Each structure stands twice: as C-alpha cells, then as structure tokens.
Amino acid sequence: MNILVINAGSSSLKYQLMDPATGAVSAKGLCERIGLDGRLTHKVPAKDAKVTRDIPMPTHSEAISAVLEILVDAEYGVISSLDEVDAVGHRVLHGGVKFVESCIINEACKEAIRECIPLGPLHNPANLKGIEACEQVMPGKPQVAVFDTAFHMTMAPKAYRYAIPTEYYENDHLRRYGFHGTSHRFVSKRAAELMGGQTEDLKVIVCHLGNGSSLSAVKGGKCQDTSMGLSPLAGLPMGTRSGDIDTCVAQFIMNKYGMSADECLSMLNKKSGVLALSNGVSSDFRDLEAGAAKGDEACQLALDKFRYETCKYIGSYAAALGGLDCLVFTAGVGENGPETRAEICKNLAFMGVELDPQRNLVRGDEALISTDDSKVKVWVIPTNEELMIAQDTAELCGK
Ligand code: AMP
C-alpha cells in the first residue's frame with residue numbers, strides 16, 4: 001500500500017511515499033522556494049538515487065504536481081500510475097480544541113482548520129494550501145489531517161489553563177496546546193511496547209530534543225502535560241527559540257528599543273535559544289559541541305543551559321506523574337547526542353535514573369541506554385512522525 005505523506009510549509013513542502021504496514025519509504029523529497037521560483041529534490045532510497053530539478057512553483061499546486069510527476073517519472077519514478085497512491089496524509093500544525101484525533105478531510109474539517117488560523121497563523125494556512133492543492137491535482141483521492149496538537153488534548157485543565165482572566169480562555173481559546181504531538185504519540189506508544197506492552201498506569205517522559213524541543217509527561221498512554229504552549233515558543237530553550245521567559249523581558253525590550261510585539265516575537269523565535277547564548281555561533285548542537293570542545297565558553301553555556309532546563313523539566317514531570325517508569329530520548333539531539341543525554345541524566349540518579357555509559361554511545365538507533373539495575377528505564381527511540389501519519393491515514397481510509 002502507498003500513502004503519500006505531505007508536510008506543507010509556507011514556501012516548502014516535504015513528502016514521503018510509504019507503506020504504513022512496514023514503514024518502507026519508496027520515495028521522499030522536498031519542494032523549496034514555492035512562490036519564488038521552485039526547486040524539487042527527490043530521493044529514491046532503494047536505488048540510492050537523488051535528483052534536483054528547477055521547476056516553476058508559483059503556488060503549492062505546481063509543487064504537488066511536480067511531486068506527482070516525479071513519482072511516475074520514467075527514470076526516478078517509483079509507481080507506474082497515480083492510481084497506486086491509496087490516500088494522502090497531511091501534517092497539520094494546529095487543531096485547536098476541535099481535533100482530539102486525526103480526521104478525514106472534508107469541507108467541515110477544512111473549515112475547522114481555517115478557524116484555527118488565529119492559533120497557528122504561520123502554519124495552518126500553508127497546511128490548507130497543501131490540502132487544497134492535492135484536491136485540485138488529485139480530485140477524489142481520500143485525504144486525512146493529522147494534527148500536531150491532538151495527542152495533548154487529554155491534558156487536564158490544571159495543566160492546560162493559563163492563570164490569566166477566564167475571558168481569554170473562553171472567548172479566545174488561549175491555553176496550553178503543545179506541539180510535536182505526533183512524535184510524542186509515536187514514541188510513547190513504542191516505549192509502552194518496549195516496556196512489555198503494559199500501558200495502564202505506565203509513566204513515561206518523552207524528551208523530543210531537536211532544533212525544536214519539547215517534553216511530554218504520559219500516563220497510561222495519555223498525555224498529562226507538555227512543555228510547549230499556545231505556540232511552539234514555550235518550554236525549553238531551542239535552536240533559535242527562547243523557550244520559557246518572563247513576559248516582562250519582552251515588555252522591557254519593546255519599550256526600550258521601540259520594537260513592535262511582532263518584531264519582539266520574531267526575535268524570540270528566530271534569534272534566541274542556543275544560537276543567542278552561543279553568541280551567534282550556531283543553532284546546531286554539533287557546532288556547539290565542537291565549539292565547546294575548543295574552549296568556547298558561550299557554546300558551553302548554551303549546552304549547559306539546554307541540558308539544565310531539560311533536567312529540570314524531567315524532575316517536575318516526574319513529580320506531576322507521581323513517579324517515573326521510563327524516560328525516552330528522541331529527535332535529532334535526543335537520538336544522536338550521547339553527551340547531552342549523559343549530562344541531562346547526571347543529576348537524576350536520586351530518582352532512579354542510571355545510564356550505562358557504553359549503551360549510551362548509541363546514535364540514531366533504538367536502544368536501552370540505562371543499566372540493568374536502573375529503576376527508571378531509559379531508551380533512545382527514533383521518532384517517525386511520517387509513519388504515524390501514514391498509519392492514521394490508512395486506518396481512517398479503511399485501507
Ligand atoms: P531535528 O530538528 O530533530 O532534525 O534535530 C536537528 C538537530 O539535531 C540539529 O540541530 C543537530 O544539532 C542535532 N543533531 C543531529 N545529529 C547530531 C549528532 N550526531 N550529534 C549531536 N547533535 C546532532
């Protein structure tokens with residue numbers, strides 16, 4: 001079976017054609033510079049083939065057309081006709097309070113995604129463009145929306161409400177939503193399997209540490225809390241995002257430097273985080289580790305701050321869950337950063353986290369990295385949001 005998974009951004013569109021049963025990816029790629037000129041990079045893993053083509057992409061429709069054309073291309077194609085695409089699954093950023101799970105795309109679903117634009121002003125319009133482009137180019141093909149926020153909708157009001165006047169919650173739906181939900185769901189489900197299939201009451205903390213980072217506290221398979229909020233700016237310091245910050249810092253900067261709220265938010269989203277703490281060296285953890293190894297104190301501070309805040313979140317989530325059975329690291333840094341994992345876990349021995357230094361050397365593979373005696377089992381589990389999207393799509397479309 002072939003599910004086309006689409007992740008549409010404002011000027012880019014990522015795609016994968018995959019089998020939801022096996023996770024095998026027959027083709028994947030990226031359309032860039034949509035609205036400017038347009039470039040397609042297409043890979044066929046089985047042939048170790050990669051091709052880049054400049055193709056005019058004034059809108060997302062031309063981008064989707066280019067993807068479909070290359071999927072049936074004589075040289076780089078992987079299917080002989082578009083009839084072989086069974087359904088399309090879309091990553092959609094913000095589902096607001098309306099979407100607690102994935103759904104088949106119809107007019108009502110699209111309208112609800114549109115209504116969530118004020119909550120996800122950058123991503124939801126782009127996600128809709130991806131959906132509408134597919135409708136235009138492949139009329140009648142079943143489509144499914146998978147929301148980044150949905151997994152977190154099981155949080156209780158004490159976790160998701162902000163302590164601000166109720167009118168902002170009731171009138172404007174301002175609350176914690178959380179993101180990376182598809183990753184947190186995939187990884188916590190896999191953790192439960194690895195822990196012997198016992199999900200009831202299993203207490204898991206998932207650390208999704210990448211360019212964007214978030215944690216979730218999961219009990220019995222249901223999310224209890226997560227570190228991102230109304231937007232992905234909240235929680236840990238990230239590649240270029242500040243993470244949690246006293247709102248008065250923003251007020252001070254806006255007043256002193258005559259910045260608008262949007263300008264200040266842009267600075268907090270794009271020029272902050274470990275990029276800022278390293279004095280502009282990099283938002284990439286590999287560069288920071290290389291810099292710190294050469295004695296760059298700002299790079300070391302950036303790493304220390306990231307690891308310290310992650311450790312603090314784990315402690316607070318263990319308290320919120322009333323204990324911890326399993327700690328999981330995933331995403332770019334979580335899967336590939338033994339040093340970061342070791343530093344994060346160093347102060348967690350008091351609650352039964354004990355890493356095995358040899359096992360912890362793993363990069364990019366699923367592995368148990370705690371000692372046999374560790375009370376809390378610590379795992380590296382590579383995330384696969386695309387597979388989760390493909391599986392939801394196949395299930396909802398009855399494939
Ligand atoms: P993601 O957003 O999940 O793709 O993660 C991207 C981040 O993962 C990059 O900023 C890198 O810093 C980090 N990363 C990827 N590979 C490694 C590695 N081998 N060692 C340390 N960090 C890595």
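On a predicted model such as this, the values are computed, not experimentally measured, just so you know. Start at 1 and go down the list; that is how both ligands and their atoms are numbered.
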Inset, instruction - Among all protein heavy atoms, pick out the one at the shortest distance from atom 20 (N) of ligand 1; state its residue, atom name and that distance to 0.1 Å. - result: Asn336 O, 3.2 Å
Legend entry - ligand 1 N/O within reach of Phe285 N/O, cut-off under 3.5 Å: yes
Inset, instruction - Would you check if the side chain of Ser272 reaches a backbone N or O of Met267 as a donor-acceptor pair within less than 3.5 Å? - result: yes
Legend entry - Nearest non-hydrogen protein atom, atom 9 (C) of ligand 1: Asp284 OD2, 3.7 Å
Inset, instruction - Output the list of atoms in ligand 1 that are nearer than 4.0 Å to some heavy atom of Arg363, sorted by atom number. - result: 18 (C), 19 (N), 20 (N)
Legend entry - Atoms in ligand 1 flagged as close to Gly210, the criterion being non-hydrogen separation under 4.0 Å: 1 (P), 2 (O), 3 (O), 5 (O)
Legend entry - Phe285 and Phe306 aromatic centres sub-6.0 Å: yes
Inset, instruction - Mark yes or no for whether Arg363, through its side chain, and Glu335, through its backbone, hold a donor-acceptor pair below 3.5 Å. - result: no
Legend entry - Ser370 side chain vs Lys377 backbone, donor-acceptor pair below 3.5 Å: no
Legend entry - Sub-6.0 Å ring centroid separation between Phe99 and His94: no
Legend entry - Nearest protein heavy atom with distance in Å, relative to atom 2 (O) of ligand 1: Asn211 N, 2.9 Å
Legend entry - Atoms in ligand 1 flagged as close to Gly332, the criterion being non-hydrogen separation under 4.0 Å: 1 (P), 3 (O), 5 (O), 8 (O), 13 (C), 14 (N), 15 (C), 23 (C)
Inset, instruction - Classify the ring geometry between Tyr317 and Tyr313 as parallel (under 30°), tilted (30 to 60°) or perpendicular (over 60°). - result: perpendicular
Inset, instruction - Report yes or no: is the cationic atom of Arg190 (NZ for Lys, CZ for Arg) under 6.0 Å from the centre of the six-membered ring of Phe186, at an angle within 45° of the ring normal? - result: no
Inset, instruction - Among all protein heavy atoms, pick the one closest to atom 15 (C) of ligand 1 and tell me residue, atom and distance. - result: Arg286 CZ, 3.6 Å
Inset, instruction - Answer side chain, backbone, both or neither: which part of Glu335 comes under 4.0 Å from ligand 1, heavy atoms only. - result: neither
Inset, instruction - Can you pull out the closest protein heavy atom to atom 13 (C) of ligand 1? Residue, atom name and distance to 0.1 Å, please. - result: Val333 CG2, 3.6 Å
